[in-house]
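Report on the following structure.
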Amino acid sequence: MKPICSLLITGLALTALTGSATARTRHHAKSQEPATAPVNRPPLPPPNDTAKFLAGMPISDSSPLAPLTRDPAWQAHSEYFEKAFAKLNTRQLDKLRTWQSSHLAESKEVLPVVYYMFSGPDFLYADQFFPNASVYIMCGKESMGPPPDPLRIHSLPSALHNLENAMYSSLTT
């Protein structure tokens with residue numbers, strides 16, 4: 001699976017795993033008195049590790065998320081995305097690459113910046129059409145909320161299933 005797929009999945013995971021929590025946090029913050037002393041929490045896992053973990057991709061054994069990859073739910077999740085992206089490549093992206101080589105060869109040139117107004121699941125095509133960009137500037141209307149932290153997910157199987165559901169239409173349509 002391409003590393004960029006981990007970015008795609010992480011973007012959707014931010015919505016799928018934290019969307020309702022973000023709404024609850026905003027509502028809760030409005031209805032409470034000023035916060036007390038901040039809670040000392042361990043730092044978030046490195047973003048690349050989180051992205052790979054959510055994408056079902058291998059991570060280093062030294063990652064704080066490595067123990068979670070031994071969970072049968074994560075292993076099934078990893079297998080689900082490997083199969084889904086393999087089908088996506090066969091069904092859509094391989095055909096697009098063939099068309100692109102014939103009709104849009106200049107898109108394979110090195111670009112300093114790609115500005116893409118419709119990020120999120122559609123990033124798959126921005127990456128496909130401009131694979132050699134150095135920087136991607138992506139815009140979206142929705143708030144991302146806080147980054148997901150797999151170490152604090154209460155039900156890993158449920159959260160991973162929600163992520164698979166969130167990605168379903170992007171991977172099958």
Side-chain angles (χ1 to χ4, degrees), residues 1-19 22 44-66 68-69 73-150 153 156 159-173:
M1 186 182 337
K2 243 177 112 174
I4 201 65
C5 296
S6 65
L7 290 174
L8 171 69
I9 293 170
T10 299
L12 283 173
L14 288 168
T15 303
L17 299 178
T18 64
T22 301
L44 291 172
N48 198 45
D49 286 3
T50 299
K52 286 181 174 183
F53 176 83
L54 294 173
M57 297 172 70
I59 56 177
S60 77
D61 290 336
S62 62
S63 169
L65 299 175
L68 295 178
T69 64
W74 184 86
Q75 292 171 355
H77 173 76
S78 177
E79 186 177 326
Y80 170 84
F81 277 127
E82 283 296 327
K83 288 179 181 176
F85 275 98
K87 286 179 184 176
L88 176 72
N89 262 317
T90 301
R91 187 183 64 251
Q92 285 172 247
L93 299 181
D94 285 344
K95 294 172 187 170
L96 186 57
R97 282 184 205 100
T98 301
W99 177 88
Q100 184 178 4
S101 293
S102 298
H103 302 289
L104 196 60
E106 63 271 19
S107 68
K108 303 260 180 154
E109 294 175 12
V110 175
L111 295 172
V113 177
V114 169
Y115 185 70
Y116 193 64
M117 289 296 296
F118 306 104
S119 62
D122 292 334
F123 178 72
L124 189 61
Y125 289 96
D127 178 58
Q128 177 66 43
F129 281 119
F130 306 103
N132 297 314
S134 299
V135 174
Y136 295 88
I137 299 174
M138 302 179 295
C139 298
K141 184 178 175 186
E142 299 82 11
S143 171
M144 287 180 40
D149 182 355
I153 294 173
L156 186 61
L160 295 175
H161 182 70
N162 288 343
L163 179 55
E164 292 163 14
N165 284 340
M167 289 291 300
Y168 182 79
S169 64
S170 294
L171 294 172
T172 60
T173 307

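Basis for what follows: all heavy atoms, side chains included, without hydrogens, waters or symmetry-related copies.
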Looking only at heavy atoms, which two atoms of [X] and [Y] are closest? And how far apart?
X: Lys108; Y: Ser101; answer: NZ-OG, 4.1 Å
X: Ser170; Y: Leu88; answer: O-CD1, 4.2 Å
X: Ala84; Y: Leu171; answer: CB-CD1, 3.7 Å
X: Ala126; Y: Tyr136; answer: O-CE2, 4.2 Å
X: Leu65; Y: Pro45; answer: CD2-CG, 3.8 Å
X: Leu68; Y: Pro150; answer: CD1-O, 3.7 Å

Quiz item: Among pairs that include at least one residue of residues 83-96, which meet salt bridge (Lys or Arg N to Asp or Glu O under 4.0 Å), considering only residues two or more places apart or in two chains?
Solution: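 For residues 83-96: Glu79-Lys83, Asp94-Arg97.
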Exercise. Using the side chain to side chain contact (heavy atoms under 4.5 Å, CB included) rule, take Leu54 and Leu163 through it: C-alpha gap first, then chi angles, then the decisive distance, then the call.
Key: CA-CA 8 Å; Leu54 294 173; Leu163 179 55; 4.0 Å; yes
Can you name the residues that form a side chain to side chain contact (heavy atoms under 4.5 Å, CB included) with [X], not counting sequence neighbours?
X: Pro46; value: Asp49, Pro64
X: Val110; value: Asn132
X: Phe129; value: Leu96, Trp99, Gln100, Leu104, Tyr125
X: Ser60; value: Ser62, Ser63

Self-check item: By side chain to side chain donor-acceptor pair (under 3.5 Å) - contacts of Gln75 (at least two apart)
Solution: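 If we apply the side chain to side chain donor-acceptor pair (under 3.5 Å) test to Gln75, skipping adjacent residues, there are no hits.
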Quiz item: Ignoring hydrogens and geometry, is there a side-chain-to-backbone donor-acceptor pair from Trp74 to Leu156 under 3.5 Å?
Solution: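 No, the answer is negative, given that no donor and acceptor are paired below the 3.5 Å cut-off.
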Quiz item: Distance-only, no hydrogens or angles: does the Tyr80 side chain make a donor-acceptor pair with backbone N or O of His161 under 3.5 Å?
Solution: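 No, Tyr80 side chain to His161 backbone: no donor-acceptor pair under 3.5 Å.
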